[in-house]
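Counting begins at 1 with the first residue of the sequence.
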Amino acid sequence: MTFFSFTFAIFLIISLFIYYIFPKKYQWYVLLVANTVFYLYSGIGHIVFIVLSSLITFFAAKLVSIQNENLKSKKAILSKDDFKEEKKHVQLKKRLILIGMLLLNIGILFYLKYWRILIGSKTLLLPLGISYYTLSTIGYFMDVYNSKYEREHNFLKYFVFVSFFPQLLLGPITRYNQTGIQFKEEKYFDFENIKHGTMMILYGCLKKYLVANLLVKHIGTIFDSEYANYPGCLLMLGILMYAVYQYADFSGGTDLVLGIAELFGIKLPQNFKQPYFSISIANFWQRWHITLGSWMRDYVFYPLALTKGMQKISKWSTEHLGKHFGRTLPACIANIVVFMLVGIWHGPEMHFFVWGLYNGFVIALSDILKPVFQNINKKLHINDKSKSWHLFQIIRTFIIVNIGWYFDRITDVKKSFIYLKNTFVHFGNPLLLASKDYMNQILGNISDFQSHIMLVFIGSMIIFIISILKENKIDVYKEIQKRNIAVRWLAYYIPLILIILSLSFSSGDVGFMYAQY
């Protein structure tokens, strides 16, 4: 059931109607049924895996909570030494539960997502949202394990959190203490939520259908064919289109998800914060797919960076390489591991691994070489507070990110290196891109390309202007609501008209890129 379909529209309207007329304290039952129906529509057999993942983490969290409660009750009756021994014993039990939970939960993900590709089999169908709900369920367990909050006692309420249908396809990766508790609250019909949610849905559809869907065919024409000796100017055009496409597709889908959730009065976390205005590669990944980054930070980066082994590395580095290395080296190693895992999370193909490794090493090197860069700036008398320096950092980061997109988009690693080399060494004549004969030879029907690019340009300008306003801390929705009724209605009708117009040029429905991860 795709978001942009008549079936989904009917499903959503019926779900909303029942949700708001139902007794408030039982609204979560409506979501439970809606989630189940939505998931069953994707494949009856798939629901087994999301239920199994939920059961594993729910009962593992229950076992950990019981251990914590037992230890707490014994604190008053045991001597200090006995309590210390009991604490060690409880910690061992908790670690065994943790290991068991990870083996089972990640084992299911590995078997369904990776094993079929490693053995060359395509017979297994990937359950809807498995990469997203697996991380959400593990995050819930880890938070209970670390006593961040109390566990949920009702499995069905927990399952509503895991299976909330808007976020299954594209995320975001949610935390129980932020999103799960909202399903217990009574939600009243709020026209403001409907207006804001509808605007987010329209803006998300504009990104997806006016920009992403019109670019995907042309990007594929350049990168998905057998190796061709394309000039660097054409390859750079392809990567720039891919940069726009990927952002429009994923952030547009996320806006759509957040908008649908808001119709139900549920606030999901933001996943994007103007990433192409980032001033460093680390800053970029703090703004792009924010919930995946924060999940990796909390459950991989910090636990790894703070291990005894890393402390030994820090101590050795401080003694032999200086304080800066001692302070940054553990974080650099942890960052490389995190981005390797992020690459693998996208898929088992080698190009994802190389892409993750590239990002990890760039961030690690920028941290290690930070004093060098600061000294260079000082010697060159560069004002790092100036607007020109800020603009330079944005452009520099954009270039570094786009180099990484070669490994992300081109599935053959050898080919990605060749195309990257051609971009810098054999750039060619950019005027070729203005030649109708040449572009016809590469892209086929040049008139389609020209009409698509014109619409993409309009959509990109709208996205760019809104992004600038947001970057300057301006709430675009609130500003629109302050204007007269004509402006407010235009804010809804202009995206709608452009979306309808784009559909007449589209070659067919194109699924969301991140739904396959």
Side-chain angles (χ1 to χ4, degrees), residues 1-22 27-42 50 128-129 131-133 136 159-175 178-183 185 187-210 212-213 248-272 289-291 466 476-477 491-492 495-496 499-500 503 509-515:
M1 191 188 303
T2 60
F3 286 150
F4 203 77
S5 66
F6 183 73
T7 304
F8 180 76
I10 297 299
F11 165 78
L12 182 60
I13 291 168
I14 293 172
S15 299
L16 281 168
F17 178 75
I18 298 173
Y19 182 74
Y20 283 114
I21 66 167
F22 222 64
Q27 284 177 318
W28 67 273
Y29 279 115
V30 179
L31 287 179
L32 178 64
V33 174
N35 296 346
T36 305
V37 170
F38 183 85
Y39 209 86
L40 286 172
Y41 198 89
S42 74
I50 191 171
L128 181 67
S131 294
Y132 298 101
Y133 71 68
S136 288
F159 188 67
V160 171
F161 157 72
V162 176
S163 62
F164 186 44
F165 74 88
Q167 71 187 47
L168 279 174
L169 195 65
L170 297 163
I173 300 163
T174 52
R175 308 291 182 93
Q178 297 170 348
T179 305
I181 57 173
Q182 295 185 57
F183 299 116
E185 300 167 352
K187 303 294 182 182
Y188 292 87
F189 183 84
D190 185 343
F191 190 57
E192 189 61 30
N193 283 345
I194 301 299
K195 287 196 301 178
H196 189 217
T198 302
M199 183 165 285
M200 290 187 73
I201 290 169
L202 285 171
Y203 184 48
C205 287
L206 181 142
K207 288 179 178 178
K208 170 63 177 169
Y209 297 100
L210 185 65
N213 279 13
D249 187 272
F250 191 21
S251 71
T254 300
D255 289 340
L256 190 56
V257 168
L258 268 58
I260 293 169
E262 189 150 346
L263 299 180
F264 291 91
I266 304 297
K267 307 287 185 182
L268 295 180
Q270 292 290 333
N271 229 4
F272 289 88
H289 208 340
I290 295 168
T291 56
I466 292 174
V476 179
Y477 175 76
Y492 289 95
L496 183 60
I499 292 163
I500 294 170
L503 293 175
D509 186 33
V510 181
F512 289 97
M513 176 184 178
Y514 268 72

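Atom CD1 of Ile290 sits about 12.0 Å away from atom CD1 of Ile173, to the nearest 0.5 Å. Between the CZ atom of Phe189 and the CZ atom of Phe191 there is a distance of 7.0 Å, given to the nearest 0.5 Å. Note that the CD1 atom of Ile50 and the OG1 atom of Thr36 stand 9.0 Å from one another [nearest 0.5 Å]. Between the CG atom of Leu169 and the OG1 atom of Thr254 there is a distance of 10.0 Å, given to the nearest 0.5 Å. How far CG of Asn213 is from CG of Asp249: 7.0 Å, rounded to the nearest 0.5 Å. A distance of 10.0 Å separates CZ in Phe264 from CZ in Phe183, rounded to the nearest 0.5 Å.
Counting only heavy atoms from C-beta outward, the side chains of Leu256 and Cys205 approach each other to under 4.5 Å. Looking only at side-chain heavy atoms (C-beta outward), Phe164 and Thr174 stay at 4.5 Å or farther from each other. Leu206 places none of its side-chain heavy atoms less than 4.5 Å from the side chain of Leu202.
For the pair Gln182 (side chain) and Lys267 (backbone), a donor-acceptor distance under 3.5 Å is present. Gln27 places a side-chain N or O within 3.5 Å of a backbone atom of Lys187 that can act as its donor or acceptor partner. Judged by distance alone, the side chain of Tyr133 and the main-chain N or O of Leu168 form no donor-acceptor pair under 3.5 Å. Remark: side-chain polar atoms of Asn193 are not paired, donor with acceptor, to backbone N or O of Gly265 under 3.5 angstrom.
Phe8 and Phe3 get closest at one heavy-atom pair: CD2-O, 3.2 Å. Contact between Thr291 and Gln270 at its shortest, heavy atoms only, is CG2-O, 4.0 Å.
Ring geometry for Tyr132 against His289 counts as tilted: the plane angle lies between 30° and 60°, on a 0 to 90° scale. Ring orientation note: the planes of Phe11 and Phe38 are tilted relative to one another, at an angle of 30° to 60°.
Using modelled atom types, one finds a donor on one side chain and an acceptor on the other under 3.5 Å when comparing Glu192 with Tyr477.
Checked against the 6.0 Å centroid threshold, Tyr188 and Tyr20 do not count as a close aromatic pair.
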Task: Stepwise side-chain contact (heavy atoms from CB on, under 4.5 Å) test for Ile260 and Phe165 - done: CA-CA 10 Å; Ile260 293 169; Phe165 74 88; 4.3 Å; yes
